[in-house]
Amino acid sequence: RVKEWVDQVIRPEEISRYLESDGNDFIRDTEIEQTLRENASPDPAYIRDIIAKSKSLETLLPRETAALLNVTDPELIEEMKEAAMAIKRHVYDNRVVTFAPLYMSSTCVNNCTYCSFREENADTVRRVLRLDEVEREIQTLAGEIGHKRLIVVYGEHPDSDVSYIAETVKAIYGAKYPTRKGYGQIRRVNINAAPLSIADLSTLKDVGIGTYQVFQETYHHETYARVHPANTLKGNYAWRLYAMDRAMEAGIDDVGIGALFGLYNWKFEVMGLLAHTRHLEDRYGVGPHTISFPRLEPANNAPGIAESSPYHVTDHEFVRAVLALRLSVPYTGMILTAREDAALRDAVIPLGITQTDASTRIGLGAYAQKDTAQEAHRQQFILGDTRSLDEVVRALAKQGMITSFCTAGYRCGRTGEKIMDALKSGHEGQFCKLNAIITYREWLDDFGSEETRRIAEPIIKEEIREVKRKNPAMYKALISYYEKTKEGARD
Ligand code: SAM
Ligand code: SF4
């Protein structure tokens with residue numbers, strides 16, 4: 001049954017139609033290695049020119065990204081940090097968006113060497129959530145914690161095929177629960193699932209998924225083959241690489257790409273992410289909506305994870321990778337997850353992160369069970385930061401950042417190219433401020449602890465003052481909505 005399913009999922013004709021004329025894909029390992037070598041010791045003046053280009057919000061060229069990746073001088077790294085913060089502020093203002101991952105299944109036909117859900121691991125609990133269990137998870141996530149966005153995660157298996165994905169997405173959107181003053185509901189369902197065919201992706205577009213996320217894991221062909229056995233669905237590099245092209249063709253224009261840092265040289269992976277971005281920009285006029293850069297975490301029975309790996313990415317290297325990415329694709333959303341510990345997350349978020357998860361639980365059914373224990377045989381890997389959403393909102397507020405719970409942009413059709421244009425122009429920063437303030441108010445009133453509200457109130461006041469100063473017409477509208485929200489009206 002599994003083999004039949006894999007044969008049915010992969011469509012060779014949907015790989016070949018995207019390959020370049022010489023039959024190659026757009027990631028050429030030797031070219032990337034050579035670009036990195038040629039820019040191994042960049043001149044400081046060249047680096048400063050590249051920083052200036054980033055600040056004008058242009059996507060960088062491969063040689064420019066390679067140069068940034070090779071910067072080791074602490075003074076220049078400091079300049080890159082300042083530029084990354086300035087870009088983030090210009091494009092996304094002082095907002096951060098939060099979400100929660102929701103694992104739907106632990107069944108998988110693949111054998112990725114770094115993952116505890118790999119098919120050959122007998123020491124893992126295998127399960128697919130039933131619809132009533134999904135609803136219970138949403139009750140906790142939307143009704144008690146206050147999440148508005150999810151990344152819903154599916155194993156690659158016939159039991160979690162496209163019809164299961166569509167059914168569960170519909171169930172999530174349909175669930176609504178009373179809160180202190182209003183109601184809680186998930187308004188944006190992003191998914192992380194197998195690479196699918198154009199027909200299957202069209203089905204998912206019809207049920208209204210948000211971002212479609214597939215990580216290439218490693219862009220390095222040889223490493224890819226080593227960690228993803230050939231006789232599996234994931235063993236097909238090109239089928240995975242072109243998942244985003246198929247999504248674009250199916251009309252899903254918000255796509256999320258990513259690499260799993262620690263499988264191969266981190267600099268190569270950043271170059272791969274840049275090449276992928278440039279490929280999508282060239283072909284479809286719009287790059288990825290988000291880029292993810294998870295680091296390899298410990299996982300139960302995962303032979304591909306070795307502490308002694310030459311590709312282990314240190315915290316310092318991780319920060320350099322984040323800086324190079326922020327400067328290379330200035331307008332793209334960047335996701336930092338709870339794989340990283342609290343201290344590192346708090347330090348890295350100001351460098352250009354736009355989305356982060358909170359109250360994270362990755363065991364199946366763990367939200368409803370209020371299960372805070374991390375159990376290796378029930379999770380894909382072990383988390384570094386299990387702080388609650390309330391704690392994360394508070395930590396962000398302490399750094400002067402506002403957590404936006406707004407999902408209106410998507411509902412007004414501001415997706416894909418339209419939102420990218422708004423982001424590049426810097427208008428998005430101001431346009432969304434209003435909704436950010438109002439949804440922050442909503443969340444604080446419905447879910448925030450007293451302590452968090454105390455720290456957040458001065459931030460809201462300052463935000464409102466800023467709108468009054470910069471845009472008196474908008475201020476009038478803001479105050480009217482703000483007062484209604486305080487009385488219990490909801491987005
Ligand atoms: N089955 C889907 C897949 O592999 O694309 C979704 C599962 S999972 C949430 C999504 C990502 O988790 C994977 O793409 C991989 O990058 C990441 N992941 C897998 N094992 C990991 C580990 N040991 N540490 C950190 N991240 C891991
Ligand atoms: Fe399956 Fe994803 Fe784990 Fe690979 S990483 S074994 S595809 S769940």
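One-based numbering, in listed order, for ligands and for the atoms of each.
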With Tyr311 as partner, the option from Tyr264, Phe268, Trp266 fulfilling ring-ring contact (aromatic ring centres under 6.0 Å, His included) is Tyr264
- request: Verify whether one side chain among Tyr177 and Gln185 offers a donor that lies under 3.5 Å from an acceptor in the other.
  value: no
Open item on the list: Check contact between Asn110 and ligand 1, using heavy atoms of the residue and a distance below 4.0 angstrom.
Closed with: no
Is Arg17 salt-bridged to Glu249, cutoff N-O under 4.0 Å? yes
Among non-hydrogen protein atoms, atom 24 (N) of ligand 1 lies closest to Glu297 N, 2.9 Å
Next on the checklist: Less than 4.0 Å is my threshold; does some heavy atom of Val214 fall inside it relative to ligand 1?
Outcome noted: no
Checking the N or O distance criterion of under 3.5 Å, is ligand 1 in contact with Lys234? yes
Item to complete: In plain terms, say whether Asp357 and Arg387 are close enough for a salt bridge, that is, a side-chain N and a carboxylate O under 4.0 Å apart.
Response: no
Among non-hydrogen protein atoms, atom 16 (O) of ligand 1 lies closest to Glu217 OE1, 2.5 Å
Test side-chain contact (heavy atoms from CB on, under 4.5 Å), reference Asn110, set Glu156, Arg118, Glu119, output is Glu156
Applying salt bridge (Lys or Arg N to Asp or Glu O under 4.0 Å), run through Arg28 and Glu20 and close with a yes or a no. CA-CA 12 Å; Arg28 285 183 273 277; Glu20 294 185 351; 3.2 Å; yes
Judged by heavy atoms only, the candidate from Phe293, Tyr114, Tyr103 nearest atom 23 (N) of ligand 1 is Tyr114
For the aromatic rings, using the six-membered ring if either is Trp, is the centroid distance between Tyr237 and His221 under 6.0 Å?
yes
Protein-side N, O or S atoms sitting under 2.8 Å from atom 4 (Fe) of ligand 2 are Cys112 SG
the protein heavy atom lying closest to atom 19 (C) of ligand 1 turns out to be Gln380 NE2, 3.5 Å
Note: Gln380, heavy atoms under 4.0 Å from ligand 2, region reported as side chain
Test ring-ring contact (aromatic ring centres under 6.0 Å, His included), reference Phe26, set Tyr219, Tyr242, Tyr18, output is Tyr242
With Gln213 as partner, the option from Ile257, Ile151, Asn190 fulfilling side-chain contact (heavy atoms from CB on, under 4.5 Å) is Ile151
*asked:* If the threshold is 4.0 Å, N to carboxylate O, is there a salt bridge linking Arg188 and Asp254?
replied: yes
the protein heavy atom lying closest to atom 12 (O) of ligand 1 turns out to be Arg339 NH2, 3.0 Å
Taken in chain and number order and not counting sequence neighbours, the residues that satisfy side-chain contact (heavy atoms from CB on, under 4.5 Å) with Ala397 are Tyr440, Ile455, Ile459
Give a yes/no on ligand 1: does Phe117 have at least one heavy atom closer than 4.0 angstrom to it? no
So the atoms of ligand 1 within less than 4.0 Å of a heavy atom of Tyr154 turn out to be 1 (N), 2 (C), 6 (C)
